Asker: 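Input: one structure, supplied below.
Small disclaimer: the values here were computed from a predicted structure and weren't measured. Note on naming: letters A, B, ... go to the chains in the order of the sequence lines (proteins, then strands), and numbering restarts at 1 for each one.
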Amino acid sequence: MGISGLLPVLRNIIEPRHVSKYAGKKVAVDTYSWLHKGSYGCALELCTGAPTDKYVTYCLDRVKMLLHYKVIPVMVFDGANLPSKQGTEVDRKLSRLENRSKGIQALRADNRSAAIEYFQRAVDVTPAMAYKLIKALRKLNVECIVAPYEADAQLAYLNLQGYVSAVISEDSDIIAFGAKAVLLKMDKDGYGEDTCPRYRQKLLGACSTMNLSGWEPERFTQMCIFAGCDYLKSLPGMGIKKAYAAINNIGGQRAPLDECFVRAINKLRLDGTLVPSDYLKDFERAYLTFQFQRVFDPEKQMLVTLKPLPEVRDTSFNHLDIQAPLLSSRQKHPLAVLEAHSLTLKLASSRAH
DNA sequence: TGGTAATCTTACAT
DNA sequence: TCTCAAGATTACCA
């Protein structure tokens, strides 16, 4: 889903770019999107259980294209699901099952083209498929990294640490996570859209309605959450523009739930926006997920957080005792919030290797 | 009219 | 043992 309305707003500052710009450098790939695209060409086989490796071939062709241009791919895979996202996945799973059974019916009625159409709506990328690709990639000596949780956070970390020069992705979430150089919508020939050229600075001149000059990255992330993201549905009537306006009126504080932020929420409520009672708590959890999600550091060979954790005594979090009862005094450390909603690290760790 | 919400089309590859 | 759709177009609302 990504961030609602973000890419159209950024369109003015996105430039066409060929991947050969990164020749001689490492580039991280959001592999799921490639697997997903590659699945469409073999939807019938995947849904009927017939053997196929077309999706592997699809991904390998793209990897070979990168290698042709001397770009060194680092293939990143999703790991465990974040429990906070499980709500929507149930609906999607039901929809896929429904389309699959319709496809089987069409197949029995000898309507092959209709069956394929249904199956294309039913295809699902499974960990088994990802593993099959990983084995093929290892034969080519291509580096693979399985994220503890979401690939987006992992990709952003690799980019922020300088482990890779850019990220190839289809998802605007990667920008909210803070990645510095992103090549969006790259086609099979290596052409894509680059958000690298100092998008925050250029945005101020490119778009008269949104001026992000002087914005801390944290505030940009907050705007993205406000506009509606995978972790938190936006308030009714709230889109990217109103999110910008709401955040822009807040002072330059870094903390998600400082007094200024709470005041902005209260103002929205006074203006007639329906703000659920636990919106602040949910907003904070979304913010912490963007900032401190667990990722794997390939150099240290250990799990770390995307951004360094603030000190427990950081005064910017002190107000949480009052504004967000979610945090008990024993759980004041931001990470405690995430851990409470996460699967066991044991699982994440075993998947990272 | 601007902005948001809902709906439709494409994706792959031959 | 089986992971995420996204962009463009149109419709609706204050």
Asker: Between A:Arg96 and C:dC4, is there a side-chain N or O to OP1/OP2 distance below 4.0 Å?
Answerer: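 Yes.
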Asker: Using a 3.5 Å limit for the pairing distances, which stems of at least 3 consecutive Watson-Crick or G-U wobble pairs does DNA chain B take part in?
Answerer: B:1-10 with C:5-14
Asker: Near DNA chain C, under 4.0 Å by heavy atom, which residues of residues 28-49 of chain A?
Answerer: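 DNA chain C contact set from residues 28-49 of chain A: A:Asp30, A:Tyr32, A:His36.
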Asker: Can you tell me the distance, in whole Å, between the CZ atom of A:Phe226 and the P atom of B:dT4?
Answerer: 13 Å
Asker: Output the rounded distance in Å from CZ (A:Arg62) to C1' (B:dA13).
Answerer: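 A:Arg62 atom CZ is separated from B:dA13 atom C1' by 12 Å.
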Asker: Taking N or O atoms only and anything under 3.5 Å, show me the protein contacts with nucleotides 11-14 of chain C, one pair per line.
Answerer:
none

Asker: So, under a plain 3.5 Å distance rule, would you say the side chain of A:Asp124 forms a donor-acceptor pair with the base of C:dC2?
Answerer: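 Answer is no: no donor-acceptor pair is held.
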Asker: Between C:dA8 atom P and A:Glu170 atom CD, what is the distance in whole Å?
Answerer: 12 Å
Asker: Is the side chain of A:Thr52 donor-acceptor paired with the backbone N or O of A:Lys54 at a distance under 3.5 Å, no angle test?
Answerer: yes
Asker: Any link between A:Leu44 and A:Tyr55 through a network of hydrophobic side chains (Ile, Leu, Val, Met, Phe, Trp, Tyr) touching at under 4.5 Å?
Answerer: no
Asker: Select base, sugar-phosphate, or nothing to describe what A:Tyr55 touches, counting heavy atoms under 4.0 Å on all strands.
Answerer: nothing
Asker: Distance under 6.0 Å and angle within 45° of the ring axis: does A:Lys307 meet both against A:Phe292?
Answerer: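 So A:Lys307 doesn't make the cation-pi contact.
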Asker: Could you check whether A:Met238 gets within reach of a base, just the sugar-phosphate, or nothing at all, counting any heavy atom under 4.0 Å?
Answerer: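 Counting heavy atoms under 4.0 Å across all strands, the contact made by A:Met238 is with sugar-phosphate only.
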Asker: Measure CD1/A:Ile116 against P/B:dA11 and give the value in whole Å, please.
Answerer: 15 Å
Asker: Where does the angle between the aromatic ring planes of A:Phe283 and A:Tyr279 fall among parallel (under 30°), tilted (30 to 60°) and perpendicular (over 60°)?
Answerer: tilted
Asker: For the pair made of NZ in A:Lys132 and C1' in C:dT1, what is the distance, rounded to whole Å?
Answerer: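 A:Lys132 atom NZ is separated from C:dT1 atom C1' by 17 Å.
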Asker: Tell me what A:Lys54 touches on the nucleic acid: a base, only sugar-phosphate, or nothing, going by heavy atoms under 4.0 Å.
Answerer: nothing
Asker: Can you tell me how far P in B:dC12 sits from the matching atom in C:dA8, rounded to whole Å?
Answerer: 15 Å
Asker: Centroid separation under 6.0 Å, is that true for the rings of A:Phe290 and A:Phe177?
Answerer: yes
Asker: Could you measure between the two P atoms, the one in C:dC4 and the one in B:dA11, and give it in whole Å?
Answerer: 23 Å
Asker: Pick the closest DNA chain C nucleotide for A:Ala130 and for A:Lys185 by heavy atoms, then say which residue is nearer the 5' end.
Answerer: A:Ala130
